[in-house]
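These numbers come from the heavy atoms of this one structure, side chains and all, not from hydrogens, waters or symmetry mates.
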Amino acid sequence: MASPALISDTDQWKALQAHVGAIHKTHLRDLMADADRCKAMTAEFEGIHLDYSRQQATTETVDKLFKLAEAAKLKEKIDKMFSGDKINTTENRSVLHVALRAPRDAVINSDGVNVVPEVWAVIDKIKQFSETFRSGSWVGATGKPLTNVVSVGIGGSFLGPLFVHTALQTDPAAAESAKGRQLRFLANVDPVDVARSIKDLDPATTLVVVVSKTFTTAETMLNARTIKEWIVSSLGPQAVSKHMIAVSTNLKLVKEFGIDPNNAFAFWDWVGGRYSVCSAVGVLPLSLQYGFPIVQKFLEGASSIDNHFRTSSFEKNIPVLLGLLSVWNVSFLGYPARAILPYTQALEKLAPHIQQLSMESNGKGVSIDGVRLPYEAGEIDFGEPGTNGQHSFYQLIHQGRVIPCDFIGVIKSQQPVYLKGETVSNHDELMSNFFAQPDALAYGKTPEQLRSENVSENLIPHKTFQGNRPSLSFLLSSLSAYEIGQLLSIYEHRIAVQGFIWGINSFDQWGVELGKSLASQVRKQLHASRMEGKPVEGFNPSSASLLARYLAVEPSIPYDTTVLPKV
C-alpha cells in the first residue's frame, strides 16, 4: 500500500523550493525600496497592524504560499477544528480551545454535543465564586478574608496564566482592581520554588488553587501536598476546605485530598494544557486577582481573533499570514529559530509561553499519519523584551546567525512617563528602538558606508553588518486585557497553521512522556537507597555513577519528619 502523501510531494511545495534561488539573489535593501510591495505586505484587524515587508519574500512568494495552503487544505482543516472534528487523531480528541471564549449563543459540537453551554456553566461558576471571594464573603478558617492566591500547576497550567497575569499587572484598570491582592504561581517541584511562592504569605489569608486535570500529575500533587501541610501546620486539618480549591475533573481524588468537590472547576479533554489559559486553568486565578470583568475582556479579545481567523480571506488573515511565513522561513530558507521581541515589559512572559505553545505543538518528526518527515518542522522560540534583549543576544542576530524576529510594539504605554526637559518620553525612547532595529537587521551597514565615515580599515570587517535579516512588526494600539487576549489567540492560530501545512499533529505531546517514565524509575531507586540502603542498580554506567555521587552525601534534612521551607 502506498504511503500517505506528504505536503513536500506536491507541486506547490516544489515550486517554492525552486523559488528559493530567486530570493537568495535579492537583498532586503532592494526589496524595501519597492513602495507598492511594502504596502501590499501589511494586514490590519481591530487596531492590530502587521507589517511583514521585512521578510525575505516577494508578493510572488506570498502567492506561492497561498497555493501551498490550498494544496494542504488549510481552510478545510481550520473548519474541522472549529467544527469539533477529532483532528487530534493520536488521542482521538477534538481541539476546541476556541470554545472556551466563544459567545454564549455559539454552537460548537464535540461528539455531536454543543459544548458551549458546558463552558459557560463553568464561566458562570467562576464569576460567582470570584465575586464571593473578592467581596470578603468567603473567609478562611480564622474568619479573615483571603487576599492572597497561590496557583499550583505546571506547564500549560502555569506558563499561559503567568503570561496574562504579568501583562495585566501594569494595566491601569487591572491594577486598580487588584489592589491589596497577590497572585503567585508554584510550578517547579524544586523546594526553592515552594519557598518563593509562600515567602511572606500568611496561611490565614491565602487561598490555594490546585490545577491538575487528573489530580495525579506528580510534580503538581507533591507541591499541592506541601502547600497543604503548610496550611495544616498553621491552621489545622479542618482549614483545607476553606483554603484550597481545585481545577480538575477527578472529583473523587479532589474529595480525598480534602477539597470540597463543590469548589472544583472543570475543564475538558478537548483542551490541551498549553491551550488552556482561557479555561478555568487561567480564568479562575486571574478572576480572583483582577475580577471577572477584566478577565471577560481578555476572553472577548481572544474570541475576536478566533472569528477573524475563521472568516477572513487568507490575504488579510493575520494568523494565516504569520503561519505561512514561518513555514517559509523554517522549511525553505532553513532558519530554525524565531525571536519574540516585545517592546513592552508587560509582555516579558510572552516568549516563555510561546516556547511551550510552539515547541510542544510543532516539535514533531513524523506526519499525522506517522510518516518520517523529509523536511524540517517546528521552531526554536526564545525572546526577551526590548531594550533588554538588545544588550543580551542582539549581537548574534545582527552579525551571527540569521534568526527571523517578531517585533511587538504598543502605541500607548500602560504606564506613561515623561520628565520635563527630556528630548522624548520614556515610551518614545523605547519605541525609537522598536522602529530602528528591524531596519538595522534588514539594511545592515556596508563597507562603503563605513569608509565614508572614515572608519579604520582594520575595523571595517568587524563593523560591517550584512543585513538581509528577516523580521516582522506588530503595532498594537494599546495593551489592555482585550489586546492581550488577541495576541494570545494570534499566536495559538499561527502555530496551528504551521502544523496544518506541515501535516503534523500540533495537539499531542508524546515527546514529554519518555523522560517522565524514566524519572519514575529513578524515584523508586532514590526511595530504596534512602530508606532501605539498597545500592544503585539497573542504570547505565554514567547514570549509576551520577546517582551514587548524589546519594553519597547525606541529605540536609531527616527523612523521618516533615520539614517545610524556612524562607
Side-chain angles (χ1 to χ4, degrees), residues 1-7 72-102 106-119 121-122 153-157 160 211-218 247-253 265-281 306 309-310 356-373 377-378 492-493 495-517:
M1 192 171 89
S3 298
L6 296 170
I7 189 65
K73 299 181 179 178
L74 177 59
K75 178 61 177 169
E76 181 182 321
K77 291 175 180 177
I78 292 170
D79 288 341
K80 283 184 175 181
M81 183 177 79
F82 277 85
S83 299
D85 287 24
K86 293 184 178 180
I87 62 171
N88 178 356
T89 54
T90 62
E91 296 178 303
N92 195 32
R93 292 174 180 171
S94 302
V95 176
L96 286 177
H97 46 282
V98 294
L100 300 172
R101 56 261 187 152
V107 177
I108 301 176
N109 291 317
S110 179
D111 288 322
V113 177
N114 182 15
V115 301
V116 175
E118 297 177 49
V119 170
V122 176
I154 198 165
S157 301
V211 183
S212 175
K213 184 182 291 185
T214 61
F215 235 60
T216 59
T217 308
V247 178
S248 180
T249 54
N250 194 331
L251 297 184
K252 179 177 180 290
L253 291 185
F265 297 80
F267 62 121
W268 303 270
D269 282 344
W270 41 257
V271 183
R274 57 192 176 274
Y275 294 94
S276 66
V277 65
C278 293
S279 73
V281 168
D306 294 343
F309 176 54
R310 187 176 190 185
Q356 186 203 13
L357 192 62
S358 171
M359 295 168 76
E360 196 168 85
S361 293
N362 290 340
K364 310 292 167 62
V366 298
S367 75
I368 198 165
D369 298 307
V371 178
R372 176 63 55 183
L373 298 179
E492 286 179 343
H493 295 318
I495 288 159
V497 167
Q498 291 173 254
F500 289 151
I501 298 295
W502 281 320
I504 60 178
N505 186 352
S506 298
F507 307 105
D508 62 9
Q509 56 284 324
W510 300 106
V512 306
E513 298 298 327
L514 179 57
K516 290 196 292 187
S517 174

Please work out whether the ring planes of F309 and F82 are parallel, tilted or perpendicular, with thresholds of 30° and 60°. tilted
Where is the tightest heavy-atom contact between W270 and L100, given as atom of each residue plus distance? CZ3-CD2, 4.0 Å
For K77, I'd like to know if atom NZ has over 12 heavy atoms of other residues, nucleotides or ligands within 6.0 Å. yes
I would like to know whether R93 and F507 meet side chain to side chain contact (heavy atoms under 4.5 Å, CB included); could you show each step before the answer? CA-CA 9 Å; R93 292 174 180 171; F507 307 105; over 6 Å; no
Check for a donor-acceptor pair, side chain of S367 on one end and backbone N or O of I504 on the other, with a separation under 3.5 Å. no
Residues S279 and S276: closest non-hydrogen pair is OG-O, 2.6 Å
Using modelled atom types only, decide if a donor and an acceptor are shared between the side chain of T249 and the backbone of A266 within a distance under 3.5 Å. no
Tightest non-hydrogen contact, residues V113 and E118, listed as CG1-OE2, 4.2 Å
Ignoring hydrogens and angles, tell me if any N or O in the side chain of D508 forms a donor-acceptor pair with the backbone of T90 under 3.5 Å. no
Would R310 and D306 pass as an ion pair if we require N to O under 4.0 Å? no
Assess whether a salt bridge exists between K86 and D111, defined as any Lys/Arg side-chain N lying under 4.0 Å from an Asp/Glu carboxylate O. yes
Is there a donor-acceptor contact under 3.5 Å from the side chain of K364 to the main chain of A377? no
Can you tell which of E492, R274, Q356 makes a side-chain hydrogen bond (donor to acceptor under 3.5 Å, both in side chains) with S361? R274
Please report the shortest heavy-atom distance between N114 and V107, naming the atom on each side. OD1-CA, 3.5 Å
I'd like to know if the side chain of S83 reaches the main chain of D79, judged simply by a donor and an acceptor atom lying under 3.5 Å from each other, with no hydrogens or angles considered. yes
